[in-house]
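Take a look at the structure below.
No experiment lies behind these values; they were computed from the predicted model shown. The sequence lines fix the lettering, A, B, ..., with proteins before strands; numbering per chain opens at 1.
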Amino acid sequence: MTVYESDLPGVGKKFEVELEDDSRLVIVTHNTGKREVFLKDDPDADGDKLFELSDRLARKVGTILEGAYFQPVQAEAVETMLTDDTYLEWYNVSDAADIAGQTLEEADVRNRTGVSIVAIQRGDDLISPPTPETVLQVDDTLVVIGEREECAEFETLLGDEV
Amino acid sequence: MATAESTALIDVGILFGAVAIAGLVANRINQSVIPFYILIGMLLSEYVVGRIDFPALLGTDAIPHGAELALADTDFVHVSAEIGIVLLLFFLGLEFNLDRLIASKERIGKAGAVDLAINFGAGLLLGYALFGSFLAAFLTAGIVYISSSAIITKSLIDLGWIANDESDALLGTLVFEDLFIAVYLAVATALVLGGGAVGEALGQIGVAVGFILVLLLLVYLGTAWFQRSLETDSHEFIVLRALGITVLLSGIALSIGVSEAVAAFFVGMAFSATEHVHDLENLLEPLRDAFAAIFFFWIGLSTDPSLFLGVAGLIAVAAVATTPTKLISGYLGGRLYDLSERRSVRVGLGMTTRGEFSLIIASLALSGAGTALPEPIAEDVYAFAVGYVLVMSIVGTTLMQYSSEIESVVVPRLEA
């Protein structure tokens, strides 16, 4: 992969990125910070403008593409890796979960699966850290730390398909 | 409203409002704003609105006679226009990175030299044929040579050509022109202020060259000082200090007979070596655009459209003669940049637009009326330049817009 860089006097800078299929991505960074992104089907073709972004938005999109930026959202199972094998995951407690209605002590999650529940998001409230008496409820979002297999184990405990 | 002092603020308000509306209209119909700023200035001048007798026309005194409605060429408008010129050239200098130029000097140099030889040469011949004097020919050569950086750059972005290979050739050639115009303006100002004849102007040229050498030395040695001068977190202070330095030095230059635009160019160059380039561009760009708009408006305001009648033939001849020269020089420049036939044709189409710098030369011609140039010739050159820019800015942007149609006809023949 080659990136061609050239100056555009009075406008800014242009970067041409060679893509795998001979096409090229052209990014024009204006002095104002605006980015324009074009796609050329081949090096000699005219650029088709794909989109433009403000400086701020471009930086955010850039870090997402890079994989360095992450905005936590409450979803079924969104995972982030802390180390190679340790995961920080979000799980929803559905109707199907056997542990719904049990206290943490009764559910005995740690001994059965190995994962730790470090926090519970319930509506607008955050229960952190949860105590052994905390009752798990349907629609809770559980923030869980554990190894990959342990997390998979925990997912079956919740009654979700793996 | 031309005379009463109490209406000065209203006049300025009308000026800005009119320019804003002209910009809106230009934007709506996808045209460059510069000709529209000129036209609205012309419309509100004593020559157009000022000549309309509303009471007689409408049979009512509700609207006063046009002469009372026309905007006058006040000190405010004139000085603002001057600041517009200064900021336009300051930005050129700011963009003028010597390292960058040296890095691609060969291609820029060759394409620029072809552009200069063909168009400046054609301009000299044309100017001498039209006006019959050396100074008028020299000014005409500048007017038809220099393409409009502002209009071309904006069209490149609007059309998406900025991502294509032709943008390098177009912008590279513009850089060469910009550097040339700085030198040219220095010489032309000296010729105009020195009385016209080359012999008499020699002293003036000496002063100009001396001043430029001092400025160059300042640019070369003063980077640390320029760097420190803007060392502040406050946007307000950066803008005020940059304006203080730039406008003051330009003013001093003008007071000793050197072009204020050239001084501004070198000040911009001095700042281009500092770390403040980005801040300056961001903070001063709106200011430049506002004052440049007043400059174009002022050009219109000082133009009597009826003078166009006298020079309409000259404008037509120049447009017909100098559209092909730019097409040819642009095409050759594109080939020197190793571009394909199709892209080289585009470079030619792109370079045809003339604009702001031709108008700066026009205002220079006017300032020499009665001294360096006989008044009728100065007025003819001025009216010619304004009319020529109006025509060429529209021709140029239109050629760019219809490039694909033109390419499909022209390129197969070139390749054959």
Handout entry: B:Ser167 vs A:Leu8, side-chain contact (heavy atoms from CB on, under 4.5 Å): CA-CA, chis, key distance, verdict
Key = CA-CA 8 Å; B:Ser167 66; A:Leu8 302 171; 3.8 Å; yes
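Per-residue heavy-atom pair counts under 4.5 Å with chain B were compared for A:Val26, A:Val37, A:Asp46, and the maximum is reached by A:Asp46. Of all the listed residues (B:Leu174, B:Ile157, B:Asn282, B:Thr153), the one sharing the greatest number of non-hydrogen pairs under 4.5 Å with chain A is B:Ile157. Ranked by non-hydrogen atom pairs under 4.5 Å with chain A, the options B:Arg342, B:Glu285, B:His278 are led by B:Arg342.
Taking every heavy atom of both residues into account, B:Asp168 and A:Ser6 meet most closely at OD1-OG, 3.9 Å.
Side-chain N or O atoms of B:Glu95 include none that pairs as donor or acceptor with a backbone N or O of A:Pro9 at under 3.5 Å. Proximity of a side-chain donor or acceptor of B:Asn164 to a complementary backbone N or O of A:Gly47 within less than 3.5 Å is detected.
Heavy atoms of other residues, nucleotides or ligands lying less than 6.0 angstrom from CD of B:Glu106 number 12 at most. Heavy-atom neighbours of A:Glu106 CD from other residues, nucleotides or ligands within 6.0 Å: above the threshold of 12. Summarising the local packing, NZ of B:Lys110 is surrounded by 12 or fewer heavy atoms from other residues, nucleotides or ligands at distances under 6.0 Å.
Residue contact with chain B, scored on non-hydrogen atoms closer than 4.5 Å, involves the side chain of A:Lys14 exclusively. Interface residue A:Thr32: backbone and side-chain heavy atoms are both found under 4.5 Å from chain B.
For the atom pair CD1 of B:Ile162 and NZ of A:Lys49, the computed distance is 11.0 Å after rounding to the nearest 0.5 Å.
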